[in-house]
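Heads up: the structure comes next, in structure tokens.
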Amino acid sequence: MAIMKLFNNNPYFKYILGTIIFMIIVFIDLQIGLFASRTVNLLIRVVYFSIVAIGFNILLGYAGQISLGHAAFMGFGAYLTAFISNNFGLGFLPTIILSGLIPMIFGIVLGLVALRLERLYLAIATLGIGVTIEFVFREWVWFTNGFSGARLSRPEIFGFAFNNSRHFLLLATFILFLVVLFTYNLIRSKTGRALSAMRDSNHAAQAMGISLLKYKLIAFALSAFYVGLAGSLYAYAERYVHPSTWGAELSLDMLAMVVIGGLASIGGSITGAGFLVLVPRLVQDLPVIGGITNINFILTGLAMILVIRFMPIGIYNWFDYKVIQPFYYKMLNFDDPGGDD
Amino acid sequence: MLKLDNISAYYGNINALSNINLEVEKGEIVSLLGANGAGKSSTLKVISGLLEPRDGDVYFKDDKITGMEPEKIVDHGIIHIPEGRQIFPTLTVAENLKIGAYRIRKSTNWQNKLDDIFEYFPVLSDRKEQQGGTLSGGEQQMLAIARGLMAEPELLMLDEPSLGLAPLIVKDIFKIIKKINSEGVTILLVEQNANMALKIANRAYILETGEIVHSGNAEDLASDEKVKEAYLGSKH
Amino acid sequence: MHWQIFLQNVFGGIETGSLYALAALGVVLIYRVSDVTNFAQGEMAMFSTFVTYTIWVYSANAGFPYPYVAAFIGALIFSAIFGFLVERVFIRPTSDSSLLGKMIVTLGLILIVNGSAGAIFGTDSYYMRRAISGHIRVGNMIIRPHSFFVIGLAIVIMLVLFYMIKFTMFGVAIRATAQNDKVAKLMGVPTKKVTAFTWIMATMMGAIAGLMIAPATNVYTGMMADVHLKSFIAAVLGGFTSFVGPVVGGLMIGILDNLVGYYISTNWQTVIVYGFLIIILIFKPYGLFGEIPKKKV
Amino acid sequence: MKILEIKNMTKRFGGLVAVDDLSFQVEKGSIFGLIGPNGAGKTTVFNSITRFYDPEEGEVILRTQDDEINLLNYKSHQIANFGLARTFQNVELFGNMSVLDNMLVGAHTNIKTNFLIEGFRLPGFRNKENEAKEKAMDILGFLGLKKLANQFAKSQPYGVQKLLELGRVLMTEPRIILLDEPAAGMNDSETDKLSELLMKIRDEYNLTIFLVEHDMGLVMDICDEIVAINFGKSIMQGTPQEIQASPEVQEAYLGGDDEL
Amino acid sequence: SSQGVDDNTITIGSVGVTSGPAAFIGQPYYEGMRAYFSTVNDEGGVLGREIELIQRDDEFDPAQARDHVEELIYDEEVFAIVGQLGTPGVISSAQLVRDAGIPSVYFGSGATELTELGENFFPVQPNYVYEGKLMAKYAVEHFEAENIAVLYQNDDVGRDGIQGIREGLAEMGMEEHLNEDAVISHNPNESDFTAQMQRVLVQDPDMVIVFSLSQAASLIVRAAEDFGLEVPMLTTYSNADASFLATIEPSETAPNAIHNLHVMGWLDVDEEGLAPLNNAMEEYYPDSVINAYTMAGWVAGETFVAGLRNLEGDITWDNYIESMNNLEFTDGLAAEISFEPGVRQGVTHMAVSKVVEEDGEYFFEQLTDFMEF
Ligand SMILES: Nc1ncnc2c1ncn2[C@@H]1O[C@H](COP(=O)(O)OP(=O)(O)OP(=O)(O)O)[C@@H](O)[C@H]1O
Ligand SMILES: Nc1ncnc2c1ncn2[C@@H]1O[C@H](COP(=O)(O)OP(=O)(O)OP(=O)(O)O)[C@@H](O)[C@H]1O
Ligand SMILES: [Mg+2]
Ligand SMILES: [Mg+2]
């Protein structure tokens with residue numbers, strides 16, 4: 001009971017608790033080797049895609065702006081990390097921050113495009129921009145090493161090298177935790193409200209003094225920063241960056257992450273990242289049908305459609321709405337919040 | 001002609017209507033009154049098929065129409081003009097009216113119908129090629145009503161037709177309702193403007209939190225002190 | 001002969017561009033009726049093309065006198081059923097979800113359709129003939145009669161759609177359904193049928209597009225990847241709310257692609273062409289022919 | 001003092017002149033009514049003042065104690081800064097946000113932070129948020145909506161939505177508010193309550209109310225002055241009694257007393 | 001003995017794409033490889049043990065490839081990685097393989113990097129840079145070309161190829177045979193070759209090298225027919241199979257151009273040489289077409305097993321690596337496979353074949369002897 005009160009009253013509590021529990025598990029794993037190495041790698045991937053999804057959710061879920069070109073920003077962040085650490089040997093922190101900041105500038109440019117374009121037009125135009133950047137990656141061999149791909153090593157902080165994937169998982173989780181807190185603070189204050197207001201009614205938002213220019217730029221800049229940062233973690237985690245990873249398919253995956261996990265929710269972002277990273281791998285391992293050609297694609301596609309069919313508001317939001325909240329209200333005797341179906 | 005038999009309806013867990021029994025005879029004007037959220041619109045939605053009742057049945061001319069698709073119910077001759085000016089914003093005024101004639105698309109003379117409509121609402125005739133969404137609030141409301149009339153309904157259900165209309169036009173609307181009623185169209189009318197509604201209605205039902213609390217002859221209700229006090233405001 | 005080279009590039013671009021246009025028209029149709037962006041249009045077209053190809057090969061082997069005609073008719077029949085099934089099984093059950101949800105459904109469809117095609121038809125490439133084979137030489141230029149056929153087809157489909165949407169009761173019903181399907185129902189429009197019908201039509205158009213595209217790409221599971229993306233860009237460039245738009249947009253991309261490839265650079269072709277198109281879009285945010293939505297508060 | 005002055009405003013849509021060389025002035029502290037037939041141009045006037053439309057001609061002067069501002073020189077999101085806020089004819093709420101958050105958006109221009117301060121919770125952040133929250137709860141209490149603070153705006157009944165829109169406007173600390181058909185969709189007794197509420201708002205928040213309304217009961221009850229327009233042109237300006245007595249207004253707008 | 005080996009089996013792993021758009025490579029490739037291992041196992045295995053292959057699909061994603069390799073080495077504990085497929089995946093997991101020291105034999109990749117990765121890497125397939133060099137040599141010496149044009153696919157394959165062609169010409173001192181304007185790229189999934197063909201034509205070349213994979217190459221051959229390009233064309237060994245010719249459907253689309261088509265080859269594709277493969281495929285995968293990828297997979301199997309057969313002492317990584325270093329394998333499909341310490345060039349002997357027609361059937365016929373640069 002007390003724990004539950006805590007959950008409800010201190011909004012950070014669930015994030016702190018979740019992070020600590022997760023980190024403890026990884027620590028134990030570090031000692032006794034609980035997970036297969038593949039599991040650890042998958043978890044790392046879930047972590048950096050969670051950052052991607054949170055950034056994308058700021059853009060789509062909160063601000064209501066769509067982009068199908070964000071994969072390019074992730075690639076940009078990844079290449080920057082490889083480029084900076086190979087050529088300038090900057091430390092981990094400056095490198096990942098730069099890898100977020102520079103895409104952010106490009107994000108602002110995309111935001112300017114978004115000022116003119118809307119909805120589907122914006123979606124397809126950004127898709128085109130993303131593809132264009134993907135082609136630039138291929139041609140700028142000095143920056144990306146072309147089709148040979150850029151290689152780099154795992155990061156070092158204060159002389160400690162994160163060569164063990166489990167160590168790196170801890171590091172990445174901690175960064176995700178910081179990102180979650182920052183985002184949580186942000187969306188529950190003036191900026192976050194302004195973004196959501198812009199999404200729900202352009203006109204009313206303006207009448208309340210919200211500058212669409214400013215907040216569209218903020219939304220695109222922030223999301224590009226997050227995605228670039230995640231790209232940086234990608235580079236460190238995978239130690240290899242290849243130009244064909246950053247195409248439209250990845251951008252569409254980002255879209256799927258936030259819609260399937262749950263729009264305008266941090267938990268939804270993480271859930272969605274988990275879904276898109278893990279489901280294709282899980283179906284690959286299904287014993288009986290795993291051998292059928294392309295079964296991984298077919299089942300992943302089906303799973304996506306089933307989620308939309310039965311949990312149209314996203315997996316996390318659906319659970320939150322249908323299971324967790326009613327549970328709180330029953331346990332703590334709050335008034336039912338009502339809400340519509 | 002129309003009969004609601006013990007209807008209960010819900011939005012999720014929210015109970016909107018309980019045990020509604022209601023009848024409309026052919027050629028009548030029946031008004032449905034009640035405060036905000038009383039369930040007036042929900043009643044119309046049940047009849048037109050937008051809201052499926054959990055219990056009870058709806059009959060129209062001896063056919064059971066409960067649970068039918070809305071477009072099937074339209075085929076039976078029931079037209080519902082929903083509340084809140086729900087016109088098609090990027091269709092022109094003419095196209096909005098054209099879609100109103102969908103029910104009678106096979107008969108060749110629906111074009112003539114257009115002329116009648118423009119006689120009722122000359123403003124719309126001036127705005128034929130304007131996109132619906134750019135009309136003024138009141139013009140949109142007129143368009144919504146006109147679009148419903150295009151379908152040549154047998155039973156016409158209007159949900160707050162006077163919303164946002166200038167006083168002069170409100171009077172016109174009620175005149176139009178009377179006129180088409182005299183041409184044989186049965187009317188079920190939801191109105192906030194209870195005085196007007198009772199003035200033109202034959203009978204009325206009064207709803208409160210999803211239940212019928214009064215019903216009867218319109219004149220009797222209009223003079224009923226309790227009804228006056230609760231629904232007709234200070235000026236009466 | 002410089003002008004011949006220029007013209008040759010333009011001719012080639014017109015042929016490819018009308019393929020993009022054909023592919024785009026189906027996307028636009030579905031968008032107009034249900035606001036859904038069907039990302040799976042290309043993959044569905046690919047699947048239909050495989051079936052068409054199979055019919056063609058079988059009927060040729062069976063000694064049927066006009067195997068191509070058989071394949072064409074088979075394509076129409078199959079795709080009608082295919083479109084019907086996709087709508088019934090995947091689209092209708094999710095019709096209550098948000099627009100973004102619907103986008104995700106079509107993303108799921110890509111995986112399902114492409115995955116099944118790989119499992120059923122394998123991964124090899126196959127040759128598909130042109131509707132009209134051969135070419136004519138004019139000076140140093142070659143002109144394919146097939147390209148006239150494709151352009152003609154695109155224009156006919158465009159005109160039919162334009163007429164239908166603009167002037168027929170059914171067309172108005174389609175647009176009404178897109179804007180507010182509840183109220184459309186209240187006006188008697190059978191919205192489910194309307195939606196099913198448009199999916200069927202769009203899938204048939206996809207099958208025709210696939211059949212026309214196949215000679216330029218071969219028949220294989222990846223045949224639509226590039227074409228599909230370009231068809232979307234063509235549609236946006238021309239304007240998603242018009243049918244002329246995608247045709248003009250498609251032709252522009254086809255021609256520009258060749259001119260940039262010939263006169264500037266093949267390596268930077270895609271970057272330059274897309275960059276140019278995006279700049280056009282910034283100045284014409286609703287495409288060259290798109291309707292600018294008027295908003296009122 | 002005239003807090004708001006419309007000078008020779010003209011707004012055209014293609015061939016249609018929606019507002020035609022219109023001029024009038026609004027007295028500070030009054031309740032001022034703008035009436036006219038459907039399509040007369042009332043909402044267009046509001047949209048022009050709040051810069052959603054660009055009028056072709058004219059000026060919109062907002063006066064403070066020591067300053068005069070021509071609103072037409074500013075963008076729509078800057079207008080709230082000057083203490084002018086509006087509601088919309090078709091309620092425009094932030095549907096997917098809570099009632100409280102809708103109110104807090106109203107305080108947007110008064111909370112001076114930026115996203116770094118917010119994201120890292122730098123000093124000073126909490127105070128500003130809390131002040132705004134307290135104020136929002138006060139206003140919600142005043143409107144009788146306190147209990148609904150944490151519910152979604154979109155799931156509220158129409159009447160609540162209209163009140164919430166009013167509350168949101170009050171959050172901007174306005175000196176003048178523009179209300180477009182606040183009584184639409186209300187029955188007579190609800191309209192009566194609204195009349196009282198508007199007078200109370202004017203007095204307690206010490207502001208000017210400029211409203212468009214078709215409910216003549218409300219308009220005649222509470223307005224100090226009314227301007228009636230038709231085809232974008234002023235027919236007459238005066239007290240409610242003068243307006244009611246005017247044959248032009250009768251003919252264009254109110255209609256005779258003929259029976260149905 | 002090292003991990004992955006017990007009394008009855010030697011477990012090995014492989015990672016490559018078998019689903020999605022690139023599956024057209026992986027599917028036949030792994031059929032070839034499995035056909036070989038099945039043959040060996042049916043004949044009693046090697047060193048008294050059967051070979052068991054754990055095969056993973058990386059969907060052509062380098063990150064997944066690396067995961068799978070890591071898993072194979074540390075979780076599945078395989079003895080060797082055999083025939084890893086796809087350049088990005090191979091490179092992204094190279095570090096891992098080097099650190100582990102596990103033998104990695106044969107790569108389904110023509111990337112040059114493979115030649116320098118380390119002692120436990122045994123690339124076999126000719127790398128594309130080398131092939132490019134050899135093509136240049138053939139162009140000059142065999143085709144006596146003085147004005148070469150190159151059409152190449154703008155990705156890892158084509159770029160390595162054009163680099164090799166340039167290097168080759170430079171080493172022979174014949175740069176002037178290749179005009180910069182005659183080096184023309186295309187997107188791998190290009191569908192309209194009008195611009196490219198026009199650019200080739202204005203160069204008026206006496207020979208065209210097509211460094212593109214089968215999908216694009218088939219379209220290029222057809223375009224050559226349409227535009228009346230009537231000079232020899234030489235394309236990469238990746239296209240050296242009959243199924244490529246079937247895709248072109250020459251009798252309908254390129255009755256003239258097809259006779260100008262030449263292809264590089266590193267495998268002995270005469271009837272006799274192919275017999276074991278054909279027989280095995282007939283037995284294990286009777287419904288499948290045999291193409292260059294099938295053959296590549298088969299050679300991957302051959303190479304690995306050849307190393308085992310040559311091995312002395314315990315079956316350990318060190319012994320296997322030593323065995324491979326001493327290998328001189330000439331009994332397989334490839335002309336000769338051999339490694340020396342520090343030398344990881346892969347196969348360097350290649351020959352040119354040309355298309356011939358017989359009764360409406362088209363196939364490749366070897367035209368030159370095998371030759372090194
Ligand atoms: N879509 C909906 N979801 C949830 N609850 C709803 C919905 N629509 C209506 N309700 C609820 O159902 C009840 C009846 O609503 P209804 O719209 O029928 O009332 P009404 O009498 O038409 O009111 P009004 O005068 O405001 O139009 C109300 O409590 C309302 O809150
Ligand atoms: N964006 C627009 N494009 C074209 N015409 C417009 C546009 N906005 C308004 N109009 C026209 O201008 C006229 C004035 O509209 P406005 O909305 O100001 O009327 P109103 O006085 O508010 O009427 P109501 O009382 O019905 O709301 C109307 O005839 C309307 O059709
Ligand atoms: Mg209602
Ligand atoms: Mg108005």
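Proteins come first, then strands; the chains are lettered A, B, ... in the order of their sequence lines, and each starts at number 1.
Among the candidates E:Glu190, E:Glu249, E:Gln215, E:Arg222, the residue making the largest number of heavy-atom pairs closer than 4.5 Å to chain C is E:Gln215. With respect to chain E, the highest number of heavy-atom pairs below 4.5 Å among C:Leu19, C:Thr217, C:Asp257, C:Asn218 belongs to C:Asn218. Per-residue counts of heavy-atom pairs under 4.5 Å with chain C were compared for E:Ile248, E:Asp226, E:Thr247, E:Ile25; the largest is that of E:Asp226. Contact count versus chain E (heavy atoms, under 4.5 Å) is highest, among C:Gln269, C:Arg137, C:Met223, C:Arg129, for C:Arg137. Heavy-atom pairs under 4.5 Å with chain E peak, among C:Thr16, C:Asn114, C:Thr123, at C:Thr123.
Neither the backbone nor the side chain of E:Ser243 comes within contact range of chain C, judged by heavy atoms closer than 4.5 Å. Looking at E:Asn189, the atoms closer than 4.5 Å to chain C (heavy atoms on both sides) sit in the backbone and in the side chain alike. Heavy atoms of E:Ser185 lying under 4.5 Å from chain C belong to its backbone as well as its side chain. For E:Tyr152, the part sitting under 4.5 Å from any heavy atom of chain C is the side chain, from C-beta outward, and nothing else. Contact of C:Thr270 with chain E is made through the side chain alone, with heavy-atom distances under 4.5 Å. With a threshold of 4.5 angstrom between heavy atoms, E:Ser218 approaches chain C through side-chain atoms but not through N, CA, C or O. Proximity to chain C (any heavy atom under 4.5 Å) is restricted, for E:Gln27, to the side chain, taken from C-beta onward.
Side-chain contact, E:Thr194 with E:Asp192: a donor N or O sits under 3.5 Å from an acceptor N or O.
Residues C:Asn258 and E:Gln198 have side chains not in contact (no heavy-atom distance under 4.5 Å, counting atoms from C-beta outward). The shortest distance between side-chain heavy atoms of E:Asp57 and E:Val17 falls below 4.5 Å.
Salt-bridge formation is not detected for the pair C:Arg130/E:Glu252: no Lys NZ or Arg NE/NH1/NH2 atom is positioned less than 4.0 Å from an Asp or Glu carboxylate oxygen.
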(message) Under the criterion ring-ring contact (aromatic ring centres under 6.0 Å, His included), I'd like the reasoning laid out for E:Phe24 against C:Tyr220: C-alpha separation, chi angles, the key distance, then a yes or no.
(response) CA-CA 9 Å; E:Phe24 73 95; C:Tyr220 69 108; 7.5 Å; no
(request) Apply ring-ring contact (aromatic ring centres under 6.0 Å, His included) to the pair C:Phe121 and C:Phe47, showing each step before the final yes or no. (result) CA-CA 9 Å; C:Phe121 303 111; C:Phe47 199 96; 5.3 Å; yes
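Of the candidates E:Ile184, E:Leu219, E:Leu151, E:Val200, E:Phe193 forms a side chain to side chain contact (heavy atoms under 4.5 Å, CB included) with just one, namely E:Leu219.
For C:Phe64 and C:Tyr58, the ring centers sit 6.0 Å or farther from each other.
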